[in-house]
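Encoded as structure tokens, the structure appears first; notes follow it.
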Amino acid sequence: MGGMPLTKVKALDPDVITLDVEMPEMNGLDALRLIMETGPRPVIMLSGINEQGMRETILALEAGAFDFIRKPSISNALDIEQVRSELMKQLNAAMQAKQRRALWEEEEQRRQGADISVPLSPKPSDKTLNKKPQMKETRQTIGGAEERVKLAELPRTRVPRPEEDKLARAEASDASKPRRKKVDRKPVADSSSAALPEHEIHPPREVKLQPSNELTDLVAVGCSTGGPRALKAFLEQIPGDFCAPIVIVQHMPPNFTKSLAQRLNSFSPLEVMEAEQGMVLEPGKAYIAPGGSHMRVFRSESGAFQIRVSQDETRNGHRPSVDVLFESLLPLTMVKRHAVLMTGMGSDGARMMKKLYDTGVNSTFAESEQTCVVYGMPRSAVELGCVNHVLPLHDIAPRLVRAVNNGK
């Protein structure tokens, strides 16, 4: 087949592409990477169900594939019909996502154009200057204005200070305690997306914090379409000495989540694993719900926080379901709970995030449309009014780390 897929893409310029992971001469992964380099568009991968096929599918999702479906069994007509239905669903979702992305980009361009069209009035002497000096002069003028406003409106400029004071008191209190493991370094919390490689400074999985029955924080994350790539970016920014466990629901069929966990484990400073029945949650570890099973968190009689896996009916058409995971956090009022919704179709997770919010959980995060592959699940939560932090993907982890560490 060689470069035929790329030749067809150039000739036909399709809106959406389906691509087999296994092809002669040029495999699906290589073709996908070239497509993403030359003309990015939604690509749906057809995946084999063997171990190699699952690993390659995870790599494809990481490389930018929109989603995947499993190849049907040739001998099973029902299987073929199910795959046809799933493929049509994915194609429709891909087209909607592409159209929504185009509208969002158009709106952003209009907004930026509006911002540029109303600059501060230049001084007469500025008219002869080139663009760079004019920008420098504008910034100097704005800076002066900010200083004057700051002096004139001192009470309003002090709004963020209570958090800073609280953080300083927490640091001073922790520094006076003999237990060093309670002292958290906060390089990620005080940084922006530029601090992505910060975890390299901390050797992963070396710090052993308090046992599970002394947990003070618990993080729950839900995602779907675009999730594997988002989880990679998210988990890479969580330091290895993170003092809370992270439980994750990613919509996937059975077996694929094990390959996903192994892949994420190779990148993250945390220890990432596929969740199993009865596992005790520990800080510095991330647990991914097994594909085809619901995952819940419960507190045992000993006080440990453990995982319960079940084959209950699907919720919102999914198993695992984010709503099921979030719902299990409702009675766990003895810990500070943090809920995160990232890219994905539909509304799974939004309803139970709203219930958590209504019962006092205010550390709620949603990925913004700016970085979502599909702005579905986060959008549903935002529309329910239960999200306190709507952030682009690269800003979620630093803000989450700060939210967890501020309580220490």
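Start at 1 with the first residue, then count along the sequence.
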query = For the residue pair F68 and F256, does the interplanar ring angle fall in the parallel (under 30°), tilted (30 to 60°) or perpendicular (over 60°) class?
reply = tilted

query = How many angstroms lie between atom CG of L218 and atom CD1 of I246, to the nearest 0.5 angstrom?
reply = 9.5 Å

ask   = Is R337 salt-bridged to D217, going by a charged N under 4.0 Å from an acidic O?
value = no

Salt-bridge present (R33, E37; N to O < 4.0 Å) = no

ask   = Do any pairs count as a salt bridge (Lys or Arg N to Asp or Glu O under 4.0 Å) and have a residue in residues 352-368, sequence neighbours left out, and if so which ones?
value = K354-D358

inquiry  = With heavy-atom distances below 4.5 Å as the criterion, would you say the side chains of M252 and I58 are in contact?
reply    = yes

task = Any chance you could measure K285, atom NZ, to M279, atom CE, to the nearest 0.5 Å?
result = 8.0 Å

inquiry  = More than 12 heavy atoms of other residues, nucleotides or ligands under 6.0 Å from CZ of R55: yes or no?
reply    = yes

task = Dump the intermediate steps for salt bridge (Lys or Arg N to Asp or Glu O under 4.0 Å) on R296 and E327, then the final yes or no.
result = CA-CA 8 Å; R296 294 175 172 87; E327 184 178 44; 5.2 Å; no

inquiry  = Considering only residues two or more places apart or on different chains, which pairs with a residue in residues 244-269 satisfy salt bridge (Lys or Arg N to Asp or Glu O under 4.0 Å)?
reply    = E62-R263

note = CD (E56) and OG (S47) are apart, to the nearest 0.5 Å, by 8.5 Å

I'd like a table of donor-acceptor pairs (distance under 3.5 Å, sequence neighbours excluded) in which one partner is a side-chain atom from residues 373-381, with atom names and distances.
residue : atom : partner : partner atom : Å
R379    : NE   : E383    : OE2          : 2.9
S380    : OG   : G376    : O            : 3.1

query = How about E313: does its CD atom have over 12 heavy atoms from other parts shown lying under 6.0 Å from it?
reply = no

task = Could you tell me the separation between the CG atom of L332 and the CZ atom of R299, rounded to the nearest 0.5 Å?
result = 8.5 Å

request  = Would you tell me whether R399 and H389 have side-chain atoms, one donor and one acceptor, within less than 3.5 Å of each other?
outcome  = yes

ask   = Measuring from M334:CE to L215:CG, what's the distance to the nearest 0.5 Å?
value = 11.0 Å

Partners passing side chain to side chain contact (heavy atoms under 4.5 Å, CB included) against A289 (at least two apart in sequence or in another chain) = V249, M295, P320

Set of residues satisfying side chain to side chain contact (heavy atoms under 4.5 Å, CB included) with respect to Q90, sequence neighbours excluded = I44, F66, D67, I69, E86, M345

note = Contacts of M95 meeting side chain to side chain contact (heavy atoms under 4.5 Å, CB included) (sequence neighbours excluded), chain-then-number -> D15, V16, Q99

